[in-house]
Trainee: 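The following block contains the structure, expressed as structure tokens.
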Amino acid sequence: MKKTSLLIAGLAAAPASAASVNVTIPRLNVAEYHRPYVAIWVEPAAGGTARTVAVWYDIKKGGAEPGTKWLHDLRSWWRKGGRSLKLPADGVSGATRAPGTHKVALPADLKPGQYTLYVEAARETGGREIVSVPLTVPAKAASAAGKSELGAVTISR
Amino acid sequence: MRIKTVLLTAAALMIAAAPATAHRQWLLPSATIFSGTDAWVTVDGAASNDLFFPDHQPMRLDGVKAWAPDGSEAKIENGATGRYRSTFDVKLDKEGTWKIGTAMNGVSGTFKVDGAEWRVGGRRGPPPAGANAPQPNFVASVDEIPANATDLKLTESASHNEIYVTAGAPTETVFQPTNKGLEMVPLTHPSELVAGEAARFRFLVDGKPAANLKVSVLPGGKRYRDSDGLMEITTGADGVAQVTWPQAGMFWMNTSYSDDKPSVARATARRLSYTTTLEVMAP
């Protein structure tokens, strides 16, 4: 039920004309694979507060533990704003994703200007990688790619 | 001249009384940055030459305390002392920055009674090397110095060894200085130390900036390289030491300060020291 409402909220917040980012999680041939924790955030290019767009973690972990224990492994995101975010955050928190390409809407209310979009991934018993892409609002196409824990990160309008 | 002599005497006494003082005292937290709702930090404490390898003496746990982000004292749990290191846990059940460590205060030195030399403070060390050498006389504290004592040469010593760990968002309460003795107030929060970036720390003596203080910064893991990696930084007039972290990892930071302004009556000198262990993250 909650999932449905989150999806609806996500759709409502992202009009068809808004920009989005496609994040590719590579398929890795390793003995013990766990889906990575991923954080996506935007910072003004001239410096300023980070705004978290999405964070994918073990949001459905059972018991008293809300699945946040390992979020500090997303160490850049944690330092730049994750640690002061109240979780779960509506429209931001989500479950971990399987390998493949995932489309995430960027906030429609970003003021025009220059930003940097960051995607950070950290995997249990695996590595960690951060990929950054310059983001212009209104959005222009841009892309970058990771080498190990992330594939292509592509901004599209 | 007189101060120098007193200090030398005191230093010699401290070495004789407790061999561990010749080694580096360190606290090593399992991590300094925590997320989640049930965070625990587990800490090792020891004295050894090489950081952070416990191969000499364990830290005594009776003086270890912890302070929660609101400044209240917190519990030290699961304390145990092994041959080379002690270990204990702190449950980080409040969000913010915690302080964990030891503060040791004491007076040591010498005085004479009817021409015979007596010592104050410290524990009785091993007997002098020569079997025929006279055994020194000891009193445990300044209060026990007899009224007819002469030639008092007493040094006050105060040493802090503290670490800081942060659960969730960082806070500043535990850095509030008491304005007594040697203290460190971070200008860069200890949870925001990153390899390749500069961090700044202000040192205070009795609440005033401590200029020209020599601060030593040493990375752990000497066994895996040739150089000890020592960085020596001198504080400016504002008492600030700036460190640019050459790599990620755990770093030991230490400084000491001596003057002739003891806070204890009858002492003529004081020696202050401050030690911490800082975790530097990869960018």
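Per chain, numbering begins at 1; letters A, B, ... match sequence-line order. Just the heavy atoms: all of them, side chains too, but no hydrogens, waters or symmetry mates, feed the values below. Since we're looking at a predicted model, the values are computed, not measured.
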Trainee: To check you understand the geometry: which heavy-atom pair defines the closest contact between B/T37 and A/T68, and what is its length?
Mentor: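 Closest heavy-atom pair between B/T37 and A/T68: N-OG1, 4.1 Å.
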Trainee: Let me know if B/A31 has heavy atoms under 4.5 Å from chain A in its side chain, its backbone, both or neither.
Mentor: neither
Trainee: What residues of residues 75-85 of chain A sit under 4.5 Å from chain B when only non-hydrogen atoms are counted?
Mentor: A/R75, A/S76, A/W78, A/R79, A/R83, A/S84
Trainee: Just how far is it from atom CD1 of B/I33 to atom CG of A/L71, taken to the nearest 0.5 Å?
Mentor: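 Here the rounded value is 13.5 Å.
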Trainee: Report which part of B/T166 has an atom under 4.5 Å of a heavy atom belonging to chain A: side chain, backbone, both, or neither.
Mentor: neither
Trainee: Name the member of B/A167, B/A169, B/A39 that forms the most heavy-atom pairs with chain A at distances under 4.5 Å.
Mentor: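 It is B/A169.
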